Amino acid sequence: MNFDLSEDQREIKRTARDLLADRCPPERVRAVAEGGGPDGALAAELAELGWPGIAIPAEHDGLGLGAVEAAALLEELGYALAGAPLLATAAAAFAIEGAGSDAQRAEWLPRLAAGSATATLGIAHGDVAALVADAEGADAIVLVQDGRARLLTAAEAEVSPLETIDPTRRYARVGAPPGAGEPLPGDPAAAVDRAAALAAAELVGVCQRALDDTVAYVGERRQFGRPIGSFQAVAHRCSDMLLAAESARSAAYFAAWSADADPDGLPFAAALAHSVAATSAREATASAIQAHGGVGFTWEADVHWLYKRAQVASRLFGSVGAARERIAGAVAARG
Amino acid sequence: MDLTFTPSETAFRDELRGWLADNDPGPEPHGDEHAHFAWRLDWQRRLAAAGWSGVHWPVEHGGRGATLTESAIFFEELANRRAPLPGNVLGLLLAGPTIMTWGDEAQRERHLGPILTGEEVWCQGFSEPDAGSDLAAVKTRAARDGDGWTITGQKVWTSYAHHARWCMLLARTDPASERHRGLTYFLLDMEQDGVEVVPLRQITGESHFNELFLDGARATDAQVLGGEGNGWRVAMTTLSNERSGLAFFHQVRMRQLVDALAAELAERGGLDDPRTADALADVAAQVEVLRLTAYRGLTRLERTGEPGPESALTKLMWSRANQALTQLAVDALGPDALTAGSRWSYELLRARGNTLEGGTTEILKNIAAQRVLGLPRAS
């Protein structure tokens, strides 16, 4: 039993933290959000480093590491609110690797790993996926519907940019005419679960950033002659944020480990991670706004980006309610 | 990261399971508190006779020298088997390790053996009516009296005092001292005049804890642990002693409760109500997160020797989860679960104590804020 990142995994995380602190400071996040564009320079640099291919097998030119390493990276991308499409590409790569044909893998995975192509994955109902991350400009879009997946090229998919409350990342509505694209022959369920694990890891980073920024603020901000963090009402809010962040971390890393090592346990672990990380991130980021006082409600403070990311990212791979249904089903079945 | 158990951890679990399969703790006595405690003490005697008492204690002190993970496995398996915690749990988890750290040879020789077997039960005399969360306000007075000490004062919330032969007692030996200074830690013999135990009745109707009145109780110099005036440090050893084992016991017990509730609800079609199913998923998720976080805390402790933020959080997690779980049971099962003496009504009431015992939620949140997050203290 060893439930912690290895030294190598911690090193990946530290490297990512340092690099993103430099390349993706709050001013940059704001510029992306207010300029409405993705951070192309950042995406290009991360591709140079091989990050998009972190979990793509080495035989397809990826780094060949696991979902745990990818989760460590995603946590830091969430912490920085980076505007690079790594979650989207990783999700699509999981689907192509897990459910695609040999030809589909050979065609797409090396390009995704190299960053010369990007891809994304959406959950569709009635041939429409209502919320897909980084679909605009993606070379390939995997749509999952009723337990089957098909792969569409940019030309085949109908991508309508969607202005969500979270402008730190681009989202779109993606439609696919019946029969468009080519099916992935395999079952995409595990890929969606792996994607949910990474989305949860991203939300862990969002929680941690909300906590760190809030702790810094309430340690500095003074009222009644002392830092507001010395008031229990504020301190206890921060402790609750810590509880939320660590709960999300436990669940997200459990799901990532299950993705690598326990396929039978993955569906439950992914539902747990989705439910816990979403709930935790919403709570922690809402608390960050509250603890920043009136300032936290202004556009000029940065905490609202975290709240907005938490809200939208929680919905990328299904609803929290659906994840809870899966958990309840699993509990009823084990009794 | 590897959430599977190593071959030696699995071997430990298998050996314990084998023993537990052959050694049934017997039916849990209900309604009679003394019979219930006797059952737990008998269970400890049998564990001790087979070498399963104090699994986390070093071999030199009669323990099994188990790793932290093996100790966690021990508590998980006890709960899996629906066996109780050993009767002398405070001796095993608190008094014993504190005596190992601070005791002299004679004290170790005298006390550790009977703690392991349960022959001598221990209680913890820290809290007082005016020194609850604010432990440094302890007023119980130990006055120098010839070659020993005379102790006068009152303790409260003293679990197991009515069964205990010994008490971990924190008293003020320097009357001019304030706060953390001038305190001394005594190994107090409970079987003497001047020690009176008065049971307190809990909201469940049971009496598991007590008031402890000390009126001229005597202690010898040989019963001072860790030196005169050093009581605060010794008490901190007691309070910080590795209790994460209990988190593993609780998470298994809570999972059993979740499963029992799910089964009862399924029988009545209660899970067809999406609100009930959603609430069940929420508490099941909380229990699972507790298990995972407890394991993260264990790994951290094994790797660094220092408890991480996780260990400050598991108590908050299980107390909150148990209250949510029992409230859900009562909501979903209705009047049947509100009958006095029913399983769920008992669990509901008992759970209110979870956010008070072993550090209130408010104090634990202060500790997390100050020690983990580094927030400033109120001046």
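Owing to the predicted nature of the structure, the values given are computational and were not obtained by experimental measurement. Chain letters run A, B, ... following the sequence lines, proteins first, then strands; residues in each count from 1.
At a heavy-atom separation below 4.5 angstrom, chain B is approached by A:Ser247, A:Arg249, A:Ser250, A:Ala251, A:Tyr253, A:Phe254, A:Trp257 within residues 247-263 of chain A.
Judged purely by atom type and a 3.5 angstrom limit, B:Arg296 uses its side chain to pair as donor or acceptor with the backbone of A:Glu246.
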* Worked check of side chain to side chain contact (heavy atoms under 4.5 Å, CB included) between B:Met1 and A:Leu5 -> CA-CA 6 Å; B:Met1 191 175 292; A:Leu5 298 176; 3.7 Å; yes
* Please lay out, stage by stage, how B:Glu288 and A:Ile327 fare under the test side chain to side chain contact (heavy atoms under 4.5 Å, CB included). => CA-CA 11 Å; B:Glu288 187 66 10; A:Ile327 295 170; over 6 Å; no
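The 12-atom threshold is exceeded at CZ of B:Phe12, counting heavy atoms of other residues, nucleotides or ligands nearer than 6.0 Å. When the shell of 6.0 Å around CZ of B:Arg253 is examined, it contains 12 or fewer heavy atoms from other residues, nucleotides or ligands. Atom CZ of B:Arg371 is surrounded by 12 or fewer heavy atoms from other residues, nucleotides or ligands within 6.0 Å. In A:Glu220, the CD atom is not crowded: 12 or fewer heavy atoms of neighbouring residues, nucleotides or ligands sit closer than 6.0 Å.
At least one side-chain heavy atom of B:Leu292 sits under 4.5 Å from a side-chain heavy atom of A:Leu272. Taking the side chain as every heavy atom from C-beta outward, A:Glu325 and B:Asp278 never approach each other to under 4.5 Å. Using a 4.5 Å heavy-atom threshold, the side chains of B:Glu302 and A:Asp4 count as separate.
The parts of B:Ala285 that come within reach of chain A are both its backbone and its side chain, each placing non-hydrogen atoms under 4.5 angstrom from that chain. Proximity to chain B (any heavy atom under 4.5 Å) is shown, for A:Val215, by both the backbone and the side chain. Proximity to chain B (any heavy atom under 4.5 Å) is restricted, for A:Gln232, to the side chain, taken from C-beta onward. Only the side chain of A:Asp240 has a heavy atom closer than 4.5 Å to any heavy atom of chain B. Contact of A:Leu242 with chain B is made through backbone and side chain together, with heavy-atom distances under 4.5 Å.
Atom-to-atom distance recorded for A:Ser275:OG and B:Gln286:CD is 10.0 Å, nearest 0.5 angstrom. Summarising the geometry, atom CE belonging to A:Met241 is positioned 9.0 Å from atom CG belonging to B:Leu373; distances are rounded to the nearest 0.5 Å. In this structure, CE in A:Met1 is found 9.5 Å from OG1 in B:Thr6, a value given to the nearest 0.5 Å. Distance check, rounded to the nearest 0.5 Å: SG of A:Cys238 to CD of B:Gln370 gives 11.5 Å.
The candidate with the highest count of non-hydrogen atom pairs below 4.5 Å against chain A, out of B:Asp2, B:Leu375, B:Leu271, is B:Asp2. Your options are B:Val289, B:Leu290, B:Leu261, and the one with the most heavy-atom pairs under 4.5 Å with chain A is B:Val289.
Taking every heavy atom of both residues into account, A:Ala328 and B:Ala277 meet most closely at CB-O, 3.5 Å.
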